[in-house]
Amino acid sequence: MPFEPNLDPMSLATELSGHHLIDGKLVAPKNSKTFDVINPATGKVIGQAADGDADDVAIAVDIAKKAQKDWAERPARERGKLVAECGRVLMAHTEELGRLVALESGKALRTESRVEASVLADMFVFFGGLASELKGETVPFNPNMMTLTTREAVGVVGAIIPWNVPLLLMAIKVAPALVAGNTVVVKSAEDTPLTVLRVCQIMQEILPAGVLNILSGFGPSCGGPLVEHKDVKKVSFTGSVETGRTVYKAAAEKLIPVTLELGGKSPMIVMDDADLDKAVAGAIGGMRFTRQGQSCTASSRMLVHEKLHDEFVKRLIDKVNTLKMGNPLDEETDIGTIINRKQFDKVCGYIDIGEKEGATKHELSALPADAELSDGLFVRPVIFTNVDPNARIAREEIFGPVACVFKFKTFEEALELANDSDFGLAATVWTTDLKTALVATKRLEAGFVQVNQNLVVQPNLSYGGIKLSGLGKEASLESMLEHFTYKKTVILNME
């Protein structure tokens, strides 16, 4: 019987508590252990997550391996239709999923969580429509031989997702992997395990049992065994650089392919001819203030021409001050909370570091007055000016609502500042001059570059970085073909 949308996120959290999803069913972990899931806006426990370990990984991977053969033998378009149908069913649950992810992540429902839930559904529909592109080529090698290539599924895929946009980042891994004929075992983030579990539960209405499985647990005890399991033939990971290195080393021992999306310190260049209103709006959206700055693509380094700098800063401060912090489930809330206490302390620590480094701090918006939110992990947005480009706040990823604004004189200086980073995920340039735009897009060292806009990840926009920002692309046809299949060459001798 199809699942009906449940708009009470607390009752959903209770229903889902303490479970993995393996072989189409909610199951308890083998060790019977769980850990608390906390609402970061109130500090209260909303449910429990299954504390998975190597035993659960072994069961899930074995089930996925057994299901993969039959799944891969289905016609590609049939797999695509099923995945697209998952997207259409998930679209009917947009409000439910948006409310649940707002509850467990602290992201505002109106500005962030509801939007993420709709993009999740769209991603499955998009990849479902690409099934016919799983095709090979004929090769003019020898007239007496028929030579061709085919695309083959890699097998069982391990997908490890983060907490900041768990629905979207699960979709860009799971959807292409399934369409390509693989089966998947997902390891959810410790802080946001419930909504992605609900997504996988809903998808069981459509998919054969065992094709999609999801575990919760901690990195060393659950994620590590998943990466290291001998039958996992591909790993797709989004998270920190430090953990990404660990994943990469473990996968290298097995010589399996890996996709890594690891973070950024993204520059935003505002030229002297830029439309200032658009640039300021782009800075608000690009810095992801409504996501508390918890975004790999956040425009945390704003490089502004000296002619516009002061007015840009003034307008930016005025705009951020209008954003309302509050209960993530309140329709009036623009900004929610930091995800957990560890990240809260990290962000606050960087704000202190910035002041000690001599930057000028502009602390904006206002903490919520509601007494029920007094224990919530709310951090007021901070804009730093007069920042040394070599300061820690200018070079290290903070992953919070903290932006640095720099002043430059020449285009060449702006490009040098923008590229002077260990990261290379995203970048934007704001200008009305076509030549400037084209030169900037050519020379900016980033995998995702935009002019006069700052879109988030969308279906059909190839997404991924260079340098410490990772390896490989996601969210596009390219990602499905290059990262979830391998190419087989077939030669038929006709003599």
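Worth knowing before you read on, the calculation uses all heavy atoms, side chains too, and leaves out hydrogens, waters and symmetry mates.
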Close side-chain approach of Val449 and Thr428, heavy atoms under 4.5 Å: no

Nearest atoms (heavy-atom pairs only) where Ile339 meets Thr192: CD1-CG2, 4.0 Å

Asp318 and Lys314: CA distance, side-chain angles, deciding distance, salt bridge (Lys or Arg N to Asp or Glu O under 4.0 Å) verdict: CA-CA 6 Å; Asp318 289 345; Lys314 179 183 180 300; 3.3 Å; yes

For Tyr486, side chain to side chain contact (heavy atoms under 4.5 Å, CB included) partners two or more places apart: Glu152, Val154, Lys488

Side chain proximity check, Met91 to Phe124, heavy atoms < 4.5 angstrom: no

Value rounded to 0.5 Å, distance of NE2 in His93 from OG in Ser118: 15.0 Å

Salt bridge (Lys or Arg N to Asp or Glu O under 4.0 Å) partner of Asp334, chosen from Lys324, Arg110, Arg288: Arg110

Nearest heavy-atom neighbours spanning Ser300 and Met287: CA-SD, 3.7 Å

Pairwise side-chain contact, Val235 with Val157, heavy-atom cut-off 4.5 Å (strictly under): no

Which donor-acceptor pairs under 3.5 Å do side chains of residues 262-271 form with protein atoms, sequence neighbours excluded?
| residue | atom | partner | partner atom | Å |
| --- | --- | --- | --- | --- |
| Lys265 | NZ | Ile393 | O | 2.9 |
| Lys265 | NZ | Glu396 | O | 2.7 |
| Ser266 | OG | Ala426 | O | 3.2 |

Pairing of Lys81 and Glu85 as salt bridge, 4.0 angstrom limit: no

side-chain hydrogen bond (donor to acceptor under 3.5 Å, both in side chains) partners of Glu445, counting only residues at least two apart: Lys467

Partner residues of Glu112 under the side-chain hydrogen bond (donor to acceptor under 3.5 Å, both in side chains) criterion, sequence neighbours left out: Thr290, Arg291

Minimal non-hydrogen separation, Lys234 against Val258, with atom names: NZ-C, 3.7 Å

Residues, nucleotides or ligands: over 12 heavy atoms within 6.0 Å of Glu372 CD: no

Lys NZ or Arg CZ of Arg443 over Phe411 ring: under 6.0 Å, within 45°: no

Arg88 atom CZ, over 12 foreign heavy atoms within 6.0 Å: yes

For Thr246, side-chain hydrogen bond (donor to acceptor under 3.5 Å, both in side chains) partners two or more places apart: none

Side chain to side chain contact (heavy atoms under 4.5 Å, CB included) partners of Glu242, counting only residues at least two apart: Ser240

Contact list for residues 434-463, test ring-ring contact (aromatic ring centres under 6.0 Å, His included), sequence neighbours left out: Phe448-Tyr463

Ion pair check, Glu96 and Arg114, cut-off under 4.0 Å: no

For Leu468 against Val241, the heavy-atom pair lying closest together: O-CG2, 3.6 Å

Over all atoms of both residues, closest heavy-atom pair of Ser365 and Val320: CB-O, 4.0 Å

Under 3.5 Å donor-acceptor pairs involving side-chain atoms of residues 383-391, not counting sequence neighbours:
| residue | atom | partner | partner atom | Å |
| --- | --- | --- | --- | --- |
| Thr385 | OG1 | His362 | NE2 | 3.0 |
| Asn386 | ND2 | Thr360 | OG1 | 2.9 |
| Asp388 | OD1 | Asn390 | N | 2.8 |

Leu329: partners by side chain to side chain contact (heavy atoms under 4.5 Å, CB included), with sequence neighbours left out: Pro9, Arg99, Ala102, Leu103, Asn327

Over 12 non-hydrogen atoms of neighbours within 6.0 angstrom of NZ in Lys278: no

Salt-bridge criterion met for Lys173 and Glu474 (N-O under 4.0 Å): yes

Residues in side chain to side chain contact (heavy atoms under 4.5 Å, CB included) contact with Asp352, at least two apart in sequence or another chain: Glu355

Residue pair Val185 / Ile214, side-chain heavy-atom distance below 4.5 Å: no

Side-chain heavy atoms of Arg79 within contact of Leu134, under 4.5 Å: yes

Ring pair (Phe, Tyr, Trp, His ring centres under 6.0 Å) involving Phe408 - partner list, sequence neighbours excluded: His305

Heavy-atom pair of closest approach, residues Ala108 and Ile335: CB-N, 4.4 Å

side-chain hydrogen bond (donor to acceptor under 3.5 Å, both in side chains) partners of Arg341, counting only residues at least two apart: none

